[in-house]
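Worksheet: the structure to be examined is printed underneath.
Counting convention: from 1, in listed order, for ligands and their atoms alike.
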Amino acid sequence: MKITDVKVIVASPGRNYATLKITTDDGLVGWGDATLNGRELAVAAYLRDHVGPLLIGKDAHRIGDIWQYLYQGGYWRRGPVTMTAIAAVDVALWDIKGKAAGLPVYQLLGGAARDGVTVYGHANGADVPELLADVQRFVDAGYRAVRVQTAVPGLERTYGMGGNSTDVTYEPADGALPSEHVWETGPYLDHLPKVVAAVRAEFGYGVHLLHDVHHRLSPIEAGRLGRSLEPYRMFWIEDATPAEDQEAFRLIRQHTTTPLAVGEVFNSIWDCQHLITNRLIDYIRTSVSHTGGITHLRRVFDLAHLYGVRSGSHGAGDLSPISFAAALHLDLAIPNFGMQEYMGHLPPWDEVFSVGYEFADGLFHPGDAAGLGVDFDEAAAERFPYEPRYLPVNRLRDGSMHDW
Ligand code: GCO
Ligand code: MG
């Protein structure tokens, strides 16, 4: 089965997405997500100019060989643009293989290891009452896990705020240029434990609570936050400290039993290797669309399984419905599933993407259509042209750059 066409579509139904379409001589079409928030055009160019022409004529069934061809053959290793491009090709080829076999992708991965995929939603609130009302929406909708984010007194805007409803999400990349905001760690460290205490007081311990620190703390500050949250039994705190320095997590580990999750900005198994093999984390958050696709992410999860680390894949709205569908197939089949993020997608996403996944009682299932169970309306996509959008940045009060 030969690849005859490779096409990248950049469109903005609700937010910018880059989508890869691979067509074979059998007439089969596979879809992959090539979206990298704020760098969509870079991945699109990489695919159009440096990957697509190399794939024409190759056997679409040889997923593993094509993966190595694009990884080793590209010479320049790793990085978010390269690994997102490879991921899009990989996912599209798994979609094609499933369609050729007449099976959903999870069946090709060994079949279902669970009935469904537990997801967490994004609750947030400018103050405690607003946050409690948002958590209530997710609990009422059947969610078994909820991420809690809140404003910080004295700070104009903080990460994770927006879209107070289970059915209308929010998009953090909201500026034609990066907006700049002030960050101060002290008020955050003082305020967050009080907010989480209020959520636990209202909802008890029957719902999993998660929080995203979003790279904003030093290791010792992260250890302090983890310890202050121990009474509230967090499912995890995420991105507690920037993880280029994987060994930094040992310092956090020494100070707290709060579970640690990291990895959404990682793009290869080598970004995770030290963290996993030293048991410095509890969940690995690498995503199918930024970590080389199903083929590579399955290797990450297999390594994690050896060390008791579970999956916790990134699933924000800037990972397209194609990415979320692929994540569900993998989440359903792996032995060490932990948690899947589900932020939803901004309308009118469903005027372009059609999906087979369904939500019930806190769990998603990818459906049993052959392949990924997704489709993409190219004609509709033309109604939503790309618009430059960037994530915000933080600066400290003295003007120093800081993680947002
Ligand atoms: C998450 C992530 C997002 C990122 C976004 C970047 O946990 O979902 O941290 O909120 O900021 O995906 O594009
Ligand atoms: Mg995050």
Could you check which N/O/S atom of [X] is closest to the Mg ion (ligand 2)?
| X | answer |
| --- | --- |
| Glu238 | OE2 |
| Asp212 | OD2 |
| Glu264 | OE1 |

Centres of the [X] and [Y] rings: under 6.0 Å?
| X | Y | value |
| --- | --- | --- |
| Tyr143 | Tyr342 | no |
| His365 | Tyr106 | yes |
| Tyr159 | Trp183 | no |

Distance filter under 4.0 Å to [X] heavy atoms, resulting ligand 1 atoms:
| X | value |
| --- | --- |
| Tyr159 | 1 (C), 2 (C), 3 (C), 7 (O), 9 (O), 10 (O), 11 (O) |
| Arg147 | 1 (C), 7 (O) |
| Arg285 | 1 (C), 7 (O) |
| Glu341 | 1 (C), 7 (O), 8 (O) |
| Asp212 | 1 (C), 2 (C), 7 (O), 9 (O) |

Among His314, His214, Glu238, Met343, the residue with a heavy atom nearest to atom 7 (O) of ligand 1 is Glu238

Nitrogen or oxygen atoms of Asp318 and ligand 1 under 3.5 Å apart
yes

Heavy-atom count around [X] [atom1] within 6.0 Å, excluding the residue itself: above 12?
| X | atom1 | result |
| --- | --- | --- |
| Arg383 | CZ | yes |
| Glu358 | CD | no |
| Arg77 | CZ | yes |

I'd like to know if Glu264 contacts ligand 1, where contact means a heavy-atom distance under 4.0 Å to any ligand atom.
yes

Under 2.8 Å from the Mg ion (ligand 2), is there an N/O/S atom belonging to Glu341?
no

Between Lys58 and Asp65, is the salt bridge (charged side-chain N to carboxylate O under 4.0 Å, His left out) condition met? List the steps.
CA-CA 10 Å; Lys58 290 212 177 307; Asp65 180 58; over 6 Å; no

Check whether the side chains of Ser287 and Glu264 place a donor and an acceptor atom closer than 3.5 Å, and report yes or no.
no

Side-chain donor-acceptor contact under 3.5 Å, Glu40 with Tyr17
no

Minimum-distance protein heavy atom relative to atom 13 (O) of ligand 1
Asn37 ND2, 2.8 Å

Per-residue contact class, Leu391 against ligand 1 - non-hydrogen pairs under 4.0 Å
side chain

